[in-house]
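First the proteins, then the strands, lettered A, B, ... as listed; each starts at 1. What's counted below: heavy atoms across the whole structure, side chains too, no hydrogens, waters or symmetry copies.
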2 protein chains.
Amino acid sequence: MAVSRSVSRSVKQQIADELREQVLNGTRAEGTKLPSEAELIEQYGVARNTVRDALALLVNEGLIEARRPHGYFVRDRRRMQYRPQSDLRARPTTAPHDTFLTEQEQAGRTPSQTIEVSIVDPPEPIKERLQLKADELAVVRRRLRYLDGELIYSNDSYYPLSIVQGTPIMSPHDLSPGANQTLADGGHVQVRAIDEIYVRMPTPDEAKRLDLTPGTPVAEHIITGYDQDDRPVRSVLNILPGNRHVIIYERDGLEPPDGESA
Amino acid sequence: MAVSRSVSRSVKQQIADELREQVLNGTRAEGTKLPSEAELIEQYGVARNTVRDALALLVNEGLIEARRPHGYFVRDRRRMQYRPQSDLRARPTTAPHDTFLTEQEQAGRTPSQTIEVSIVDPPEPIKERLQLKADELAVVRRRLRYLDGELIYSNDSYYPLSIVQGTPIMSPHDLSPGANQTLADGGHVQVRAIDEIYVRMPTPDEAKRLDLTPGTPVAEHIITGYDQDDRPVRSVLNILPGNRHVIIYERDGLEPPDGESA
DNA sequence: CAGTGGTCTAGACCACACC
DNA sequence: GTGTGGTCTAGACCACTGG
């Protein structure tokens, strides 16, 4: 119904507009099924590829996803809070070892993670950030993190091999005293960190590993920590699917953010 | 050439893989033109739609873009640094009024911006953050920011009308003492801020306004500032095209970031 | 005007999950 | 099996921009 030719807006756009509106205003709720391609073909009286083109627009906007062979569904837009700096805050000495696990449990969800430790020649961007020499190796602790059984993001922590050799960091278990404490025990107290956030579409590898549907961007969040001598001691690479997270920073004291200041 | 049928990987995937590899390893440099659809059709011996499907994959990965009627081109992957907290740092009393303008000039680029001020019934998310009553209005200063003549992001600052009524914030010019100083003059010193970063695909409106090509995600960066009485006094909505920015936070003192902590 | 990508049609065969 | 979306073909007409 109701597509008109010879209007400036193309047919696929008109179809996409109508469906988009319904998704955004809640007429079509999150998780509900859209009409099948066949039904849309009949409703609008157009060719299959035109319907598919219209649906592809919404898929790439992140609004809907195809679940073959069940149909197209409205995507879930709820997000979990991701607070990179949460452990900058004061913390009881009853040391919780892993902020991810403890925070999410407090939120009433069931967190879990897999850990895999290996010694690698790290990717170039990490090498730069850790200021490693060409042939210098690093230890990486790769984690995949789950909430209520569902994979939500990956977290890879790289350490220069030279400073973690023989420490508990090299064992593939949760670190009971925590990685920071372990680094501090080795004489490296982290006093400064730089966070970088890149927003982009995932590589095919990432899409596969994190099970991302088309139309899902990611945040690549890299944290590089420096010790009291301003040497980089850790670089963490997080890949966060955009549809599942809000990144939150809280800033106390002093002046404001971007915009007109002073 | 060299696509094989009856392999597990589809033809369009094989074509996309080959081109992607060339883009990523630099064989095809940023800004260079890809073969036209017609040429690819001949090279691979497939139908036009198959070639178009392959190219669409790369477009949606953000690697290439179509510039009609010139052809497909490898996208630029350089990014500018965006530092939300840059004016948290100590600043000389020789008050630079706008961090965007001053920082970018220092970086040897030519920044400019348009400013548009209006009184509006703000969108729901902003209303919540400013804790406005249902019928309460806000002043919005909408900026579009350019670098070397090219639009790079939008910055909309919302203020509760009640606290900025009659102040210089309501005039559509650069604020010489700065917005924060102006707020402080009115008795509202910002002492705390919350940053939220949402990563998503742009709405069609945003895509048009910021001239985004398909395959470009955005970061929606919302900063809400609170005064000494913990009242929200400003909420800033930035829309940053993912392909043009790195968001950077520097954190001094204390403990580390995400991951296993002490 | 020629060449580009954008839109649209009408068909075909396939893999997959569910009944 | 039946119905779903995924892939692929072979054609057509269009709008735009550059030479």
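Summarising the geometry, the separation between CD on B:E37 and P on C:dG6 is reported as 6 Å, rounded to the nearest angstrom. If you take CD of A:E65 and P of D:dG5, they are 13 Å apart, rounded to a whole angstrom. The nearest whole Å value for the distance from the CD1 atom in A:I15 to the C1' atom in C:dT9 is 13 Å. Regarding B:E42, its CD atom lies at a distance of 14 Å from the P atom of C:dG3, rounded to whole Å. In this structure, the CG atom of B:L40 is 17 Å from the P atom of C:dG3, given to the nearest Å. One atom, CZ of B:R68, and another, C1' of C:dA2, lie 16 Å apart when rounded to the nearest Å. As rounded to whole Å, 20 Å separates atom P of C:dC14 from atom CD of B:Q13. In this structure, the CD1 atom of B:I41 is 13 Å from the C1' atom of C:dG6, given to the nearest Å.
Side-chain atoms of A:R141 come within 3.5 Å of backbone N or O of A:S171 as a donor-acceptor pair. A:Q13 places no side-chain N or O within 3.5 Å of a backbone atom of A:S10 that could act as its donor or acceptor partner. Side chain of A:R244 to main chain of A:L240: no donor-acceptor pair is present (N/O by atom type, distance under 3.5 Å, no hydrogens or angles).
Side-chain N/O atoms of B:S36 include none lying less than 4.0 angstrom from OP1 or OP2 on C:dG3. Taking 4.0 angstrom as the limit, A:T50 places a side-chain polar atom (N or O) nearer than this to OP1 or OP2 of C:dT9. The shortest distance between the side-chain N/O atoms of B:H70 and the OP1/OP2 oxygens of D:dT17 is not below 4.0 Å. Contact check, B:Y72 against C:dG6: a side-chain N or O comes under 4.0 Å of OP1 or OP2.
A distance of 6.0 Å or more separates the ring centres of A:H221 and A:Y198.
Comparing D:dC8, C:dT7, D:dT17 by their nearest atom to the side chain of B:V11 picks out D:dC8. With C:dG5, D:dT7, D:dT4 as the candidates, the nucleotide lying closest to the side chain of A:R52 is D:dT7. In the set D:dG5, C:dG6, D:dT9, D:dT9 carries the atom at the smallest distance from any side-chain atom of B:A47.
The nearest heavy atom of DNA chain D to A:R67 and to A:N49 marks one nucleotide each, and the one closer to the 5' end goes with A:R67.
No hydrogens or angles were tested; on distance alone, a donor-acceptor pair under 3.5 Å links the side chain of A:R48 to the base of D:dG6.
No side-chain N or O of B:Q14 forms a donor-acceptor pair with one of B:R9 less than 3.5 Å apart.
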